[in-house]
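Only one structure is covered here, and it is reproduced in the block below.
Every number for a ligand or one of its atoms is a count from 1 in the order of the listing. What's counted below: heavy atoms across the whole structure, side chains too, no hydrogens, waters or symmetry copies. Because the structure is predicted, anything quoted here is derived from the model rather than measured.
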Amino acid sequence: MKCDKIKELLAGYQDGELDAQQLETVQTHLAECADCREELARLNKVKEVAGKVKYNDLPLEVWESYWQGIYRRIERGLGWIFLSIGAIIMAAVGGFYLVKDFFLDPAVALIPKAGVGGLIIGGSFLLVSVLRERIFAYNRDRYREVQR
Ligand SMILES: [Zn+2]
């Protein structure tokens with residue numbers, strides 16, 4: 001068997017992918033051919049280095065902080081989603097009853113209606129303002145996590 005043929009099989013030999021006959025051929029050849037043994041050693045070296053880069057290059061702390069960052073982001077994301085859903089439902093239901101039982105009730109005078117309306121509008125503006133500040137701070141935190 002020629003060295004060229006053997007060298008083609010060496011990668012498969014290294015990964016344990018040869019059938020019994022090929023394995024036999026390669027092993028027999030390797031026993032008597034220093035050139036191909038050298039080639040195998042070279043392949044092993046390449047594989048070793050590649051493996052190191054792939055799995056050991058990043059220190060453990062980097063992975064830990066990476067996952068912590070992901071977890072924190074998911075946690076906060078879920079928190080905001082549930083909070084938003086809850087707030088929207090509360091506002092819709094509350095608004096419905098408020099309009100139905102208060103604003104549309106002819107027994108309630110105009111001045112209390114104007115007062116409550118003012119409270120709601122003012123409160124909404126404040127809420128939006130606070131929310132915007134929170135979202136801005138959240139995005140900044142996220143940016144900082146990426147930077148780290
Ligand atoms: Zn050879």
Notebook entry, point to check: Between Arg42 and Glu39, is there a side-chain N and carboxylate O pair less than 4.0 Å apart?
Noted result: yes
Check: What is the number of protein N/O/S atoms located under 2.8 Å from the Zn ion (ligand 1)?
Finding: 4
Item checked: Heavy-atom closest contact (Gln14 atom, Leu43 atom, distance) -> NE2-O, 3.0 Å
Note to self: Looking at every heavy atom in both Tyr13 and Leu30, which two are closest together, and how far apart are they?
What the structure shows: CE2-CD1, 3.9 Å
Notebook entry, point to check: Same cluster or not: are Ile120 and Phe125 linked, directly or through other Ile, Leu, Val, Met, Phe, Trp or Tyr residues, by side-chain heavy atoms under 4.5 angstrom apart?
Noted result: no
Check: Does any N or O in the side chain of Gln22 come within less than 3.5 Å of the main-chain N or O of Asp19, such that one atom is a donor and the other an acceptor?
Finding: yes
Next item on the list: May I ask you to say whether Lys113 pairs ionically with Asp105, meaning some side-chain N is under 4.0 Å from a carboxylate O?
Entry: no
